Amino acid sequence: MVRILAISKLTAIYGPVIYSNYGTAGLGSIKYDKESDLYNNLFTQLDEIETNFKANTSYTGFTKFDPSYKGNIASWLKLLNSVRFRLAMRLVKVSPTVAKTQGEKALADPVGLITANAENFLISLNGEVMPVSMICFDWNDTRMGATMESFMVGLKDGRMNKYFAEVSDASLVTDHPAYKFKGIRSGAFINAKDDRVSYSTISTDFKSVQNRRGFTASEIAFLKAEAALRGWANAGDAKTNYENGVRLSFADWGAAGVDAYLTDATSKPINYIDPKDSKNNFTALSAITVAWNEGDANELKLEKIITQKYLATFTNTLEAWVDFRRTGYPKIPHVAKNDSSPDWGVITADQWIKRLVFVPAERTGNAAAVSEAATFLTSGKDDIASRLWWDTGTPGNF
């Protein structure tokens with residue numbers, strides 16, 4: 001399970017990965033797996049793990065080695081179903097039949113999925129500092145993003161002060177003085193780092209955090225909401241799942257005001273203003289509210305679901321990037337300053353980064369395999385503009 005979790009993250013970043021040939025001895029070049037083959041392999045291995053787990057439900061042999069679930073097999077089975085559900089949804093546009101089959105399999109399993117915050121898959125830091133805390137406070141680097149400011153301030157999101165710290169300089173927030181949070185736009189025009197260190201850091205609570213969220217009940221609720229829109233069996237009601245996802249996220253972060261938040265049909269994302277450089281300003285691309293409207297088209301409902309999923313996945317943002325490439329949601333601005341080049345791939349003005357390139361050690365030490373792996377990408381190029389297999393680029397989601 002841990003191996004599948006890890007490789008599912010790696011492939012979401014690079015696309016083709018070394019998996020079925022990993023550890024193969026005596027080869028001059030270790031071949032990469034096509035994504036289509038990889039996902040079939042992962043689903044098959046999930047089946048095998050599920051069979052073994054269900055045959056050993058009372059096994060306690062790795063209790064002391066398991067800081068996440070203390071060796072509880074039933075909890076690992078719920079995680080397995082949840083991972084299957086997550087991976088199934090990734091394929092919904094490129095391989096809808098496989099996606100539906102695997103998603104419905106996860107939904108139908110009597111063991112169930114992660115549906116309560118007490119069941120969340122948490123990864124122990126083993127006494128170490130959370131990386132985002134080190135980057136923010138020790139290195140004095142990362143700050144709140146402008147996109148988060150646009151959505152969270154605009155929608156009056158009660159999780160804001162659980163994620164970020166207020167600024168002390170009131171001149172930074174004259175556009176919304178009631179909410180003292182200021183973010184930095186991606187790809188911003190910045191002369192020096194010191195120009196933005198006064199913007200919102202993450203919450204100081206992260207200095208003492210001892211677990212990372214690996215998989216949460218709120219993610220499952222949002223996956224079920226999308227599955228319901230797609231008509232998958234046992235997915236339940238889209239509105240109920242959507243609202244449950246928001247409630248679970250608020251509760252998980254200890255945030256207040258969820259009832260008022262869910263019924264707010266007027267507040268919308270705000271335009272972003274950078275008080276240091278107007279070249280970084282942007283107009284909000286999304287006009288959604290939080291309140292569910294059964295009369296909305298499925299596309300708008302999906303935008304609400306994915307936007308809330310994005311807000312809920314703070315500190316576990318890889319899945320938000322997957323969803324963005326897969327669905328186009330949430331609606332976010334392009335980078336302010338586009339420095340892409342032919343060296344690593346040109347991101348056109350109407351697009352965003354699609355993946356990371358294979359690491360230099362692979363490019364030089366496993367060159368033949370990397371060259372072949374590039375042909376597995378939709379563009380045939382190992383660059384940041386190449387879409388992954390499941391990122392079809394087709395407009396619309398239904």
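Keep in mind it's a predicted model, so treat the numbers as computed, not measured.
By the 4.5 Å heavy-atom criterion applied to side chains, Leu155 and Pro269 are counted as neighbours. The shortest distance between side-chain heavy atoms of Lys354 and Ser386 does not fall below 4.5 Å. Within the 4.5 Å cutoff, the side chain of Ser371 has no heavy atoms near those of the Phe358 side chain. Using a 4.5 Å heavy-atom cutoff, the side chains of Trp389 and Leu38 are not in contact. For the pair Val129 and Phe137, the minimum side-chain heavy-atom distance is 4.5 Å or more. Counting heavy atoms from C-beta outward, Met89 and Trp232 have side chains that approach closer than 4.5 Å. Annotation: side chain of Asn280 is in contact with side chain of Arg196 (closest heavy-atom distance under 4.5 Å). Considering only heavy atoms from C-beta on, Leu122 stays 4.5 Å or farther from Ser68 through its side chain.
Side-chain atoms of Thr266 and Asp264 include a donor-acceptor pair closer than 3.5 Å. A donor atom on one side chain and an acceptor atom on the other are not found under 3.5 Å apart for Asn52 and Tyr59. No side-chain donor from either of Ser218 and Ser249 sits under 3.5 Å from a side-chain acceptor of the other. Residues Tyr19 and Gln45 have side chains that bring a donor and an acceptor to within less than 3.5 angstrom of each other. Counted by atom type alone, Asn397 and Thr327 present zero donor-acceptor pairs between their side chains at under 3.5 Å.
Asp237 has no carboxylate O lying under 4.0 Å from a charged side-chain N of Lys239, or vice versa, which leaves the two without a salt bridge. Residues Lys31 and Glu372 are paired through a salt bridge, judged by an N-O separation under 4.0 Å between the basic side chain and the carboxylate. Taking 4.0 Å as the cut-off between side-chain N and carboxylate O, Asp205 and Lys162 do not count as a salt-bridged pair. A salt bridge is defined here as a Lys NZ or Arg NE, NH1 or NH2 lying under 4.0 Å from an Asp or Glu carboxylate O, and Glu294 with Lys301 meets this definition. In summary, Lys54 and Asp109 engage in a salt bridge, as defined by a charged side-chain N under 4.0 Å from a carboxylate O. Checked for salt-bridge contact, Arg84 and Asp47 meet the test: a charged N lies under 4.0 Å from a carboxylate O. Electrostatic pairing of Asp175 and Lys182 counts as a salt bridge here, judged by a charged N lying under 4.0 Å from a carboxylate O. Ionic pairing of Arg90 and Glu35 is not present here: no N-O contact between side-chain nitrogen and carboxylate oxygen is shorter than 4.0 angstrom.
Taking the six-membered ring where the residue is Trp, the centroids of Tyr163 and Phe314 are separated by under 6.0 Å. Note: Tyr32 and Phe376 fail the aromatic proximity criterion, with ring centroids not under 6.0 Å apart.
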Legend entry - Full working for side-chain hydrogen bond (donor to acceptor under 3.5 Å, both in side chains) between Tyr179 and Asp157: CA-CA 10 Å; Tyr179 297 92; Asp157 197 307; over 6 Å; no
Legend entry - Working for side-chain contact (heavy atoms from CB on, under 4.5 Å), residues Lys268 and Thr289: CA-CA 5 Å; Lys268 298 178 179 180; Thr289 62; 3.9 Å; yes
Inset, instruction - Evaluate the criterion side-chain hydrogen bond (donor to acceptor under 3.5 Å, both in side chains) for residue pair Tyr329 and Asp323; output intermediate values, then yes/no. - result: CA-CA 7 Å; Tyr329 302 127; Asp323 286 335; over 6 Å; no
Legend entry - Ile305 and Trp292: CA distance, side-chain angles, deciding distance, side-chain contact (heavy atoms from CB on, under 4.5 Å) verdict: CA-CA 9 Å; Ile305 292 167; Trp292 188 265; 3.9 Å; yes
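The two residues Asp252 and Asn117 have their closest heavy-atom pair at N-ND2, 3.4 Å. Contact detail for Gly236 and Asn241: the closest heavy-atom pair is C-ND2, 4.0 Å.
Of the possible donor and acceptor atoms, none in the side chain of Trp253 sits under 3.5 Å from a partner among the backbone N and O of Asn161. Within the 3.5 Å criterion, the main-chain N or O of Val98 finds no donor-acceptor partner in the side chain of Gln102. In terms of modelled atom types and a separation under 3.5 Å, the side chain of Glu104 and the main chain of Ala233 share a donor-acceptor contact. Between the side chain of His334 and the main chain of Asp350, a donor-acceptor pair closer than 3.5 Å is present. Checking side-chain atoms of Arg355 against main-chain N and O of Ala385 turns up no donor-acceptor pair under 3.5 Å. No donor-acceptor pair under 3.5 Å is formed between the side chain of Ser150 and the backbone N or O of Ala146. Under a 3.5 Å cut-off, the side chain of Asn140 and the backbone N or O of Val197 do not form any donor-acceptor pair.
In this structure, Arg185 fails the cation-pi test against Phe189, since its NZ or CZ atom is not both closer than 6.0 Å to the six-membered ring centre and inside 45 degrees of the ring normal.
Residues Phe282 and Phe324 are members of separate hydrophobic clusters, defined by side-chain heavy-atom contacts under 4.5 angstrom among Ile, Leu, Val, Met, Phe, Trp and Tyr. At a threshold of 4.5 Å between side-chain heavy atoms, the hydrophobic network of Ile, Leu, Val, Met, Phe, Trp and Tyr places Leu107 and Trp76 in one connected group. Taken together through direct or relayed side-chain contacts under 4.5 Å among Ile, Leu, Val, Met, Phe, Trp and Tyr, Leu318 and Leu5 form part of one hydrophobic cluster. Follow the hydrophobic side-chain contacts under 4.5 Å out from Ile288 and you never reach Met148; the two are in separate clusters. Connection of Leu300 to Phe398 is not established within any shared hydrophobic cluster, with ILVMFWY side chains joined at heavy-atom distances below 4.5 Å, either directly or through further cluster members.
More than 12 heavy atoms of other residues, nucleotides or ligands shown are found within 6.0 angstrom of CG on Asp138. The environment of CZ in Phe62 is crowded: more than 12 heavy-atom neighbours from other residues, nucleotides or ligands sit within 6.0 Å. Heavy atoms of other residues, nucleotides or ligands lying less than 6.0 angstrom from NZ of Lys70 number 12 at most. Counting heavy atoms of neighbouring residues, nucleotides and ligands inside a 6.0 Å radius, atom CZ of Arg363 exceeds 12 of them. Counting non-hydrogen atoms of other residues, nucleotides and ligands closer than 6.0 Å to CZ of Arg212 gives a total of 12 or fewer.
For the atom pair Cys136 SG and Phe164 CZ, the distance stands at 9.5 Å (nearest 0.5 Å). Put simply, OH on Tyr22 and CG on Asp33 are 13.5 Å apart, with the number rounded to the nearest 0.5 Å. Distance CE/Met130 to CD/Gln210: 10.5 Å, rounded to 0.5 Å. Separating the OG1 atom in Thr392 from the CG atom in Leu91 is a distance of 11.5 Å, to the nearest 0.5 Å. Within the model, atoms OG1 of Thr201 and CD of Glu166 stand 10.5 Å from one another, a figure rounded to the nearest 0.5 Å. Taken to the nearest 0.5 Å, the CG atom of Leu248 stands 8.0 Å off from the CZ atom of Phe222.
Remark: of the listed residues Arg213, Lys224, Arg86, Lys309, Arg86 is the sole one forming a side-chain hydrogen bond (donor to acceptor under 3.5 Å, both in side chains) with Glu219. Checked options Ser200, Ser198, Pro177; the residue passing with Leu172 is Ser198 (criterion: side chain to side chain contact (heavy atoms under 4.5 Å, CB included)). Each of Gln308, Arg247, Lys156, Glu243 was scored for a side-chain hydrogen bond (donor to acceptor under 3.5 Å, both in side chains) with Tyr261, with one residue passing: Gln308.
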